[in-house]
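A quick write-up on the structure given underneath.
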Amino acid sequence: MMRDATRGGVATVLNEVARGAGVAVRVDERAVPVRPIVSGACELLGLDPLYVACEGRFVAVVDGEHADAAVAALRRHPVSEGAAVVGTIEPDPAGMVLLNTAFGGTRIVDLLVGDPLPRIC
């Protein structure tokens, strides 16, 4: 399964997957490829990069047995050289997205209410 992360960012896509399939999505914050310039801008503006529109990016859900091969194939193309396995699908808690933070904690990544930035395109 692949989804465009333009509207609502990665967090919205992951929530739609979790709720639609009745599974939990567990994400490792350190594994999510966020460019330093994006991270810096989000920090200045008080935004979470997981909720920011990611133009030209997608989220793919791949069987765990094939995840490394899928990422390797994507990395062979310059457009997707930053591809990464960022999380896992788990049975519980169904319908939730959990983020293992860089600080060693866990937080819920819920659907965003409203838009963090107005749409400019």
Side-chain angles (χ1 to χ4, degrees):
M1 189 243 23
M2 292 173 51
R3 286 288 310 274
D4 175 18
T6 300
R7 292 286 293 191
V10 172
T12 298
V13 172
L14 297 177
N15 270 284
E16 290 171 352
V17 168
R19 292 170 186 207
V23 297
V25 177
R26 184 171 296 273
V27 179
D28 180 357
E29 183 176 42
R30 293 169 300 206
V32 179
V34 179
R35 293 180 179 161
I37 194 164
V38 172
S39 190
C42 285
E43 189 172 322
L44 285 172
L45 297 171
L47 300 172
D48 183 336
L50 290 176
Y51 292 99
V52 175
C54 299
E55 193 73 37
R57 304 288 187 242
F58 67 88
V59 175
V61 178
V62 179
D63 185 309
E65 290 181 33
H66 305 289
D68 290 333
V71 168
L74 287 167
R75 286 182 178 168
R76 284 195 287 273
H77 193 284
V79 169
S80 53
E81 63 190 6
V85 174
V86 300
T88 57
I89 301 291
E90 301 175 357
D92 292 309
M96 295 189 69
V97 178
L98 304 170
L99 181 76
N100 294 337
T101 69
F103 297 109
T106 301
R107 73 174 174 94
I108 295 171
V109 177
D110 210 350
L111 280 173
L112 184 63
V113 178
D115 288 324
L117 293 172
R119 225 165 129 78
I120 55 174
C121 60

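One-based numbering along the sequence shown. Side chains are part of it too, since the values below use all heavy atoms of this structure and drop only hydrogens, waters and symmetry mates.
The local environment of CD in Glu43 is sparse, with at most 12 non-hydrogen atoms from other residues, nucleotides or ligands closer than 6.0 Å.
Asp48 places none of its side-chain heavy atoms less than 4.5 Å from the side chain of Cys42. You'll find the side chain of Leu98 stays beyond 4.5 Å of the side chain of Arg107, heavy atoms only. At a threshold of 4.5 Å between non-hydrogen side-chain atoms, the residues Leu111 and Arg19 count as touching. Side-chain atoms of Leu14 and Val27, non-hydrogen and from C-beta on, do get closer than 4.5 Å to each other. Between Glu29 and Asn100 there is no side-chain heavy-atom pair separated by less than 4.5 Å. The side-chain heavy atoms of Val10 and Phe58, taken from C-beta on, include no pair separated by under 4.5 Å.
Within the structure, salt bridge (charged side-chain N to carboxylate O under 4.0 Å, His left out) contacts touching residues 76-87 (residues at least two apart or in different chains) do not occur.
Val23 and Val62 fall into different hydrophobic clusters, where Ile, Leu, Val, Met, Phe, Trp and Tyr residues are linked whenever their side-chain heavy atoms come under 4.5 Å apart, directly or through other members. Note on Ile89 and Val97: same hydrophobic cluster, where clusters join Ile, Leu, Val, Met, Phe, Trp and Tyr whose side-chain heavy atoms are under 4.5 Å apart, directly or indirectly. Note: the hydrophobic cluster containing Leu50 does not contain Met2 (ILVMFWY, side chain heavy atoms under 4.5 Å, direct or indirect links). Under a hydrophobic-cluster definition in which Ile, Leu, Val, Met, Phe, Trp and Tyr are linked whenever side-chain heavy atoms come within less than 4.5 Å, directly or via other members, Val86 and Val71 are assigned to different clusters. Linking ILVMFWY side-chain heavy atoms closer than 4.5 Å, directly or via other members, places Ile108 and Tyr51 in two distinct hydrophobic clusters.
Closest heavy-atom contact between Val25 and Ala18: CG2-CB, 3.9 Å. Listed here is the closest heavy atom pair of Ala84 and Ala31: CB-O, 3.8 Å. The two residues Val13 and Ala5 make their nearest non-hydrogen contact at CG2-CA, 4.0 Å. Across every non-hydrogen atom of Asp4 and Cys54, the tightest pair is OD1-O, 4.5 Å.
We find the CD-CE distance between Glu90 and Met96 to be 12.0 Å, quoted to the nearest 0.5 Å.
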### Query
Should Thr106 and Arg26 be marked as a side-chain contact (heavy atoms from CB on, under 4.5 Å) after you check the CA-CA gap, both sets of side-chain angles, and the distance that decides it?
CA-CA 9 Å; Thr106 301; Arg26 184 171 296 273; 3.9 Å; yes

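Applying side chain to side chain contact (heavy atoms under 4.5 Å, CB included) to Val52 and the options Val38, Leu45, Leu47 leaves one that passes, Leu47.
A search for salt bridge (Lys or Arg N to Asp or Glu O under 4.0 Å) contacts involving Arg75 returns nothing, not counting sequence neighbours. Applying the side-chain contact (heavy atoms from CB on, under 4.5 Å) test to Asp68 and every residue at least two apart in sequence or in another chain returns Val85.
The backbone N or O of Val109 lies less than 3.5 Å from a partner atom in the side chain of Asn15, making a donor-acceptor pair.
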